[in-house]
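Here's the structure, in structure tokens; my notes come after.
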Amino acid sequence: MCGITGWVGFTSEIASNKRILEEMTATMSDRGPDDVGTYVDRHVGLGHRRLAIIDLPLGHQPMVTPTGNGDLAIVYSGETYNFHELRTELIAAGHEFRTDSDTEVVLRGYLEWGTAVVDRLNGMYAFAIWDGRTEELVMVRDRLGIKPFYFSETSDGVVFGSEPKAILANPRIPHTVDADGFRELFAVTKAPGWSMWKHIREVEPGTVITVSRDGCATRTYWSLPAHAHRDGLDDTVGHVRELMTDIVDRQLVADVPRCVLLSGGLDSSALTGLAAARLGTEGQRVHSYSVDFVDQEDNFRPDEMRDTPDSPFVRDVASHVGSMHRDVVLNPADLTDPDVRRAVIGARDIPAGLGDMDSSLYLLFKAIRAESTVALSGESADEVFGGYRWFFDDEARGADTFPWLAFGSALTRSRYSMLTPEMQRVLDIDTYVDDQYRTALASIPVVDGESADERRMRVICHLHLTRFVRMLLDRKDRASMAVGLEVRVPFCDHRLVEYVYNTPWAFKTFDGREKSLLRHATKHVLPQSVVDRTKSPYPSTQDVKYTETLQHQLGDIVAESGHQVFDLVDHRSVRDMVSADAHAVAPDVRTQMDRVLDLYHWFEMYSPELQVA
């Protein structure tokens, strides 16, 4: 895990602008606190910040291999979990290695197979290779989009980075945000390639972009394959169990301390149980961490998304598997600290508006990083196995839009009602959402012989695996890497994703519950309480002091009526939020409060040029 950045200009003298490259690289320091390096040739500059995980002494980057016809130089972020097998294959082909790192395996794999190396990789990665033999830059992103990767085309090449902030540090890239940037921010559809910044785009998951003097050429090397499922139910459960065991075994490999994020839900508990079993064969105990809020368990109230508090189930799992467990308990002052809010915005480069769910995640990761460097997360299991409540809500499933928007939770309901009437008119978010939905539907493959119900559930699963999950993966990566913590996501292994995606919906719910395949494949490592627990999403504080503090902070903003935030946000709406009874504030209104505060601090931190008229 690291931060990468670079600059290619075929008519520019990059070497004479090394200071700019160094400034771009410096923006990635949180992602890579252990080492820094740059590579500069006439038309290319590569920058790297390293978080050392494997081969701590010798994994310095950029990693360069001279060929006689020009250098091959790589900057790599992520992990290749099958690098041992690939290394053995490359040694048999005559390659010699100087390090034990997976980065060198990828570089020598490119030397042996060219861009076809991507078809052999199992992992999470974003990397760029400068091929001095052909004077081309090759940019690659993993299949699911676990690792972030952005780029901006220039008049004579590209500027790229793990995060937009690295690209914005280059003076050639304007700090402009247009209407589409704001549309997607409030629409929550995760348009492919979207960045908030007008001149920056994502390298889309599963793609290779080759940059030459002729421009950028994009090739998709992976997309969700669609085919009929041939295995019976028992064999399907058994294969999921085999895959999960192999995936966890692979993702526990590291030369640094490892742990598991444990929420007490099925997903994280399954990983904790499998990790405990694997480490137990080596005489080790798994370390687990959870996040909670002061007095949350004692004062918990069921809501539209959560039936039970997490803590009792966390204790059951920790006791069942014998983990060395720590609860990170936060209070409203922790969650509403403006410095924490700014840290989260600075990590994500966008005003996401997730409030305590973002700040608590950041603070959890910060606490873990003091004791560990690698964590396994249950992120993405709901998208893979079908766990969200709207998968089972008839109205949401049948709606002619994205199901998570039709369900209307506190995060999606009234999500742009605080905007000025003029801004609502200009952005026309409902039309944008509909356009994005039509575009998404057109990309979903058809399997012959599927019933209408099976086809609809395939559509819903595809939307989650190609749209919804990418929002959560970006949030997870940016919050964790902001504190130098590598978070791995076993449920995003493409072998598991491909297999489960093509199982019938009847298999995914064969016991009448959500995530049946995962439940039965991993119940041998779970306490019965978790086997029986219904889906509960990431926790959110229910303490009214959180709302009261938001109101106080918004009151200070209301006094700045001429602030740029009010070019977007309706001043009267914010005043109404401030004057409301905190005990009566609805969850979606509290979300609006967080959105306004995020926007305010984002304007202060980034000073964007707006083009939204």
Side-chain angles (χ1 to χ4, degrees), residues 1-3 29-35 49-57 59 77-79 81 101-102 123-124 146-147 247-265 267-292 310 314-315 317-319 321-330 334 340 343-344 347 358-380 473 475-492 538-539:
M1 295 291 255
C2 303
S29 59
D30 289 338
R31 298 185 68 89
D34 297 327
D35 194 14
R49 292 291 314 210
R50 186 183 183 211
L51 176 62
I53 302 294
I54 294 173
D55 194 354
L56 307 190
S77 170
E79 303 291 346
Y81 300 122
S101 71
D102 56 344
M124 55 178 187
I146 305 168
K147 299 307 298 175
I247 292 165
V248 171
D249 286 355
R250 288 178 181 272
Q251 297 198 19
L252 283 172
V253 174
D255 295 337
V256 292
R258 304 149 295 179
C259 68
V260 180
L261 307 179
L262 176 60
S263 70
D267 317 332
S268 66
S269 299
L271 294 184
T272 304
L274 291 170
R278 176 67 180 88
L279 293 176
T281 64
E282 302 173 359
Q284 301 180 45
R285 293 173 64 189
V286 67
H287 291 248
S288 59
Y289 294 83
S290 66
V291 67
D292 200 4
D310 288 341
V314 169
R315 290 193 294 269
V317 175
S319 175
V321 305
S323 72
M324 298 179 67
H325 183 74
R326 176 185 168 191
D327 291 311
V328 177
V329 183
L330 305 171
D334 300 323
V340 172
V344 170
D358 262 356
S359 57
S360 63
L361 188 68
Y362 171 83
L363 291 169
L364 170 64
F365 289 157
K366 188 175 182 179
I368 292 173
R369 183 60 178 91
E371 301 172 0
S372 187
T373 311
V374 171
L376 269 59
S377 166
E379 194 81 86
S380 310
L473 290 172
R475 168 179 176 257
K476 176 273 307 172
D477 178 271
R478 306 289 280 279
S480 61
M481 293 304 293
V483 297
L485 176 70
E486 173 172 302
V487 176
R488 299 175 177 178
V489 280
F491 291 109
C492 281
Y538 186 85

Can you check whether [X] reaches [Y] side chain to side chain, under 4.5 Å on heavy atoms?
| X | Y | result |
| --- | --- | --- |
| E371 | P257 | no |
| R31 | S77 | yes |
| V248 | L376 | yes |
| R278 | T281 | yes |
| S380 | L473 | yes |
| D477 | K147 | yes |
| R285 | M324 | yes |
| E486 | V256 | no |

From CZ (F491) to CG (D267), nearest 0.5 Å: 5.0 Å

Does the side-chain contact (heavy atoms from CB on, under 4.5 Å) test come out yes or no for L261 and I368, once each step is laid out? CA-CA 9 Å; L261 307 179; I368 292 173; 3.3 Å; yes

Under the 3.5 angstrom rule, does the side chain of R258 hit a backbone N or O of V374 as a donor-acceptor pair? no

Under 3.5 Å, side chain of S319 to main-chain N/O of R315, donor-acceptor pair present? no

Would you kindly check if the NZ (Lys) or CZ (Arg) of R488 is within the cone defined by 45 degrees around the ring axis of Y81 and under 6.0 Å from the six-membered ring centre? no

